[in-house]
Amino acid sequence: MKKIVIFLFAAVTTLSFQSCQKDDPIAEVDQEEVGTATIIFTEVNREAHDDHFHYEDFAGADSDTVKFTPAPNGQLLPPVGAHFHLEKGKTYRVSLQSTDFAGRRSEQTFVSRDDIHQAFFTANPATEISTFDYVYGDKNAAGQNVNVGVTGYMTVLETSSTFVMRYVMRHLNPGVKANITAADWNNANFLNFAGATDLDLSFEMHFVDGAGHGH
């Protein structure tokens, strides 16, 4: 009788342990959790080559940077009064840098998982979206062009009033990106691309005519 009771106790214990393992897994650390984000605009030369452009750095290029840090509500915000002004007719490399929860650089995580990430730009007022163009400039580990938005090139087409530019990095559900193209960079309905948002950064932008513009 004792042997039967011991056997039953052992069986129940084993089942309970297996059940805990299945139903209560240890949560993995989210490697895409962003602690800070920085956007850098660096002027580059743009040269036409057949049906595309080449972008080249040059000495003495202007560069502007804004860093976003967590507010008490968890939202990433720029410093008070942060404001970009870029010049009509010029092209700028737009670079994202981010750190994770431990302060380690993390932006390449988005590129290494390019099948589920893509950044979008919007403008408020929406009419200002037509004052610039954007081209994705990311490359994966194999050197192939991919549309992510950690690196890209913005060309200022027209002057503008001061407006709020919004940069959103979407974490897309599997298979969704197959229906998104490079032309969707300014798709105002990007939330219709099912998934979640990894980054949502807003900042003031002003496109001006000539370097003599002052503030």
Side-chain angles (χ1 to χ4, degrees), residues 31-34 37-42 44 46-55 66 68 75-76 78 84 86 88-98 106-161 163-207:
Q31 297 300 318
E32 294 171 12
E33 180 183 345
V34 178
T38 301
I39 291 183
I40 304 167
F41 288 86
T42 304
V44 296
R46 184 177 76 154
E47 296 183 359
H49 286 260
D50 298 325
D51 61 346
H52 63 284
F53 293 95
H54 288 180
Y55 304 91
V66 63
F68 300 78
Q75 182 180 3
L76 292 177
F84 284 109
L86 308 182
K88 176 184 174 180
K90 292 187 176 182
T91 297
Y92 300 83
R93 182 174 58 249
V94 186
S95 305
L96 170 73
Q97 294 180 358
S98 63
S106 62
E107 67 272 8
Q108 285 305 310
T109 302
F110 302 127
V111 179
S112 66
R113 305 178 70 183
D114 63 274
D115 59 317
I116 57 172
H117 290 102
Q118 190 155 337
F120 303 89
F121 289 84
T122 64
N124 184 16
T127 53
E128 301 294 4
I129 200 73
S130 63
T131 58
F132 67 98
D133 191 23
Y134 177 84
V135 176
Y136 294 100
D138 310 278
K139 291 184 182 294
N140 62 17
Q144 300 167 317
N145 295 327
V146 291
N147 302 329
V148 178
V150 167
T151 301
Y153 296 94
M154 181 176 292
T155 300
V156 181
L157 304 176
E158 300 290 344
T159 59
S160 74
S161 59
F163 66 97
V164 175
M165 181 175 286
R166 185 181 178 195
Y167 170 100
V168 176
M169 178 67 75
R170 290 286 284 169
H171 182 125
L172 304 162
N173 290 345
V176 171
K177 191 162 180 178
N179 300 313
I180 307 174
T181 71
D184 283 307
W185 67 266
N186 61 349
N187 191 324
N189 298 314
F190 61 83
L191 289 176
N192 290 339
F193 300 133
T197 295
D198 283 332
L199 275 174
D200 192 341
L201 308 175
S202 294
F203 49 95
E204 284 193 357
M205 177 62 75
H206 190 187
F207 297 144

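Everything numeric in this text was worked out from a predicted model, so none of it was measured. What's counted below: heavy atoms across the whole structure, side chains too, no hydrogens, waters or symmetry copies.
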Any donor-acceptor N/O pair, [X] side chain to [Y] backbone, under 3.5 Å:
{"X": "His206", "Y": "Ser160", "value": "yes"}
{"X": "Asp138", "Y": "Val150", "value": "yes"}
{"X": "Lys177", "Y": "Gln118", "value": "no"}
{"X": "Thr151", "Y": "Ser95", "value": "no"}

Look at the rings of Tyr167 and Phe121 and say which category their plane angle falls in: under 30° parallel, 30 to 60° tilted, over 60° perpendicular.
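Rings of Tyr167 and Phe121: perpendicular, over 60°.
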Could you tell me how the ring of Tyr134 sits relative to the ring of Tyr136: parallel (under 30°), tilted (30 to 60°) or perpendicular (over 60°)?
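Tyr134 and Tyr136: perpendicular rings.
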Report yes if some heavy atom in the side chain of [X] is under 4.5 Å from a heavy atom in the side chain of [Y]; otherwise report no.
{"X": "Asp184", "Y": "Asn147", "value": "no"}
{"X": "Val156", "Y": "Lys90", "value": "no"}
{"X": "Phe190", "Y": "Arg170", "value": "yes"}
{"X": "Ile39", "Y": "Leu201", "value": "yes"}
{"X": "Arg166", "Y": "Asn124", "value": "no"}

Can you confirm if the aromatic rings of Phe120 and Phe193 lie within a centre distance of less than 6.0 Å?
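Between Phe193 and Phe120, the centre distance is under 6.0 Å.
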Return the CH2 to CE distance between Trp185 and Met154, rounded to the nearest 0.5 Å.
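Going from CH2 on Trp185 over to CE on Met154, the span is 6.5 Å.
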